[in-house]
2 protein chains.
Amino acid sequence: MPGPRGPVWWHGRFRGCGYRITLGREAILHVLTRAEAHLSAEDIYLKVHPSCPSVGLTTIYRTLELLVDMGLVHKFDFGDGRARYELAEGPKKEGHHHHLVCTSCKRVINYTDFIDEELEFLKRAEEGLAKKYQFDITNHMIQFYGMCDNCRKKKA
Amino acid sequence: MPGPRGPVWWHGRFRGCGYRITLGREAILHVLTRAEAHLSAEDIYLKVHPSCPSVGLTTIYRTLELLVDMGLVHKFDFGDGRARYELAEGPKKEGHHHHLVCTSCKRVINYTDFIDEELEFLKRAEEGLAKKYQFDITNHMIQFYGMCDNCRKKKA
DNA sequence: CTGGTTAATGAAAATCATTTCCATTTATTG
DNA sequence: CAATAAATGGAAATGATTTTCATTAACCAG
């Protein structure tokens, strides 16, 4: 069952880096691929466990670090004390989104609005910053913080 | 010696919330006010200690949480495992900046370029998001990640 | 100014996500 | 199939942050 990016799209990337393809890594990538959004390491562990009880939390952390370094996964901090992970999307717009974080209940909403103008702004900013600061920019993060509807009503 | 926002500008905010004005809080705000940028809790502790050895790390954490909740301070995560804090700037452009983070050495550069176009983009995005998701947006965060000049050279 | 009330505090202990250690397993290659 | 080194799991370590609780000190009223 080939995924949206072709059959086992990441095997090539792994082989190219000399990384081995293991059961645990397969399972973790599998979970990330179908994840709705931003899972914590433990979330992933729990989702992997039923089918692969032999995969430990340590491996989850190690694999996530690897994936983040490879750029296949993005790591986020929404302020609740644990990191969250999401599969990086392709370079085009499909799936590209950012986060709206409620500072009160920590709920996170993915939004995909304003992506066009955002992309334009980001493109120019990245080019300018890369040149000015001699930075090789590979990623960006945009988040908005505030209070969600629910929490606002509760306070009132 | 009145600061740039008037004499002890935050006393009013504190009193208004029923918070007490203590030596420790004075010292912490003092350090934050003159900080070049993004100090960790421990950084602040070390800077406060010489003049106020009685202020413990616990108070630093508690005060920072308070200040973040009040919106006087922003909390950042640059991926090195400890939170960083900066005094929030005024609503206008003075001091407004964002961060360029080297994913290799964790060095952080403040940049103030592109603020005008960014502000315009943010304004529109915030308005739209607030309406669409019923969020009361109070803050945003933009960061770019990449590899700094130094680290790139080392790898080569 | 002074005492009473209660927020604020420090020190030590607890938490908890993440990392490290190390002996064992296993993917890969010849 | 055997050799090799990467990958792994489980336990222990780490380290930032939080909690607990007895003590201190801001602030208000008188």
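Throughout, protein chains are lettered first and strands after them, A, B, ... in sequence-line order, and every chain is numbered starting at 1.
- As a whole-Å value, the separation of A:E26 CD from C:dA27 P is 10 Å.
- Side chain of B:S40 to main chain of B:A83: no donor-acceptor pair is present (N/O by atom type, distance under 3.5 Å, no hydrogens or angles).
- The interatomic distance linking B:L66 (CG) with C:dA7 (P) rounds to 13 Å, in whole Å.
- Judged by distance alone, the side chain of B:R25 and the main-chain N or O of B:R20 form a donor-acceptor pair under 3.5 Å.
- Residues passing the side chain to side chain contact (heavy atoms under 4.5 Å, CB included) test with A:T138, sequence neighbours excluded: none.
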Contacts under 3.5 Å, N or O only, protein and nucleotides 26-30 of chain D:
unit_1, atom_1, unit_2, atom_2, d
D:dA26, O3', B:I21, O, 3.4
D:dA26, N3, B:R20, NH1, 3.1
D:dC27, OP1, B:I21, N, 2.7

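- Partners of A:A35 according to the side chain to side chain contact (heavy atoms under 4.5 Å, CB included) rule, which considers only residues two or more places apart in sequence or in another chain, are A:L39.
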Atom pairs, N/O to N/O, protein against nucleotides 14-18 of chain D, distance under 3.5 Å?
unit_1, atom_1, unit_2, atom_2, d
D:dA16, OP1, B:R82, NH2, 2.5
D:dT17, OP1, B:A83, N, 2.8
D:dT17, OP2, B:Y61, OH, 2.4
D:dT17, O5', B:Y61, OH, 3.3

Please output the side-chain donor-acceptor pairs of residues 119-133 of chain B that fall under 3.5 Å, not counting sequence neighbours, one pair per line with the distance.
unit_1, atom_1, unit_2, atom_2, d
B:R124, NH1, A:E117, OE1, 3.3
B:R124, NH2, A:E117, OE1, 3.0
B:E126, OE2, B:H140, ND1, 3.4
B:K132, NZ, A:D113, OD2, 2.7
B:Y133, OH, A:D113, OD1, 3.0

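- Rounded to whole angstrom, the span from the OH atom of A:Y45 across to the P atom of D:dT8 amounts to 14 Å.
- By the ring pair (Phe, Tyr, Trp, His ring centres under 6.0 Å) test, B:H30 pairs with no residue at all, sequence neighbours left out.
- When rounded to the nearest whole Å, the span between CG of A:L64 and C1' of C:dT19 equals 14 Å.
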Compile the donor-acceptor pairs under 3.5 Å between side chains in residues 65-81 of chain B and protein atoms, sequence neighbours left out, one pair per line.
unit_1, atom_1, unit_2, atom_2, d
B:D77, OD1, B:G79, N, 3.0
B:D80, OD1, B:R82, N, 3.4
B:D80, OD2, B:R84, NH2, 2.6

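- A search for side chain to side chain contact (heavy atoms under 4.5 Å, CB included) contacts involving A:Y61 returns A:A41, A:L57, not counting sequence neighbours.
- Per the geometry, CG belonging to A:D77 stands 14 Å off P belonging to C:dA17, to the nearest Å.
- Using a 4.0 Å heavy-atom criterion, one finds that B:R25 contacts the sugar-phosphate atoms exclusively.
- Counting to the nearest Å, the P atom of D:dA7 and the CG atom of A:L67 are 12 Å from each other.
- What separates CZ of B:R62 from P of D:dT19 is a distance of 10 Å, to the nearest Å.
- Whole-Å rounding puts the A:L29 CG to D:dA7 C1' distance at 15 Å.
- For A:F114, the ring pair (Phe, Tyr, Trp, His ring centres under 6.0 Å) test picks out no residue, with sequence neighbours left out.
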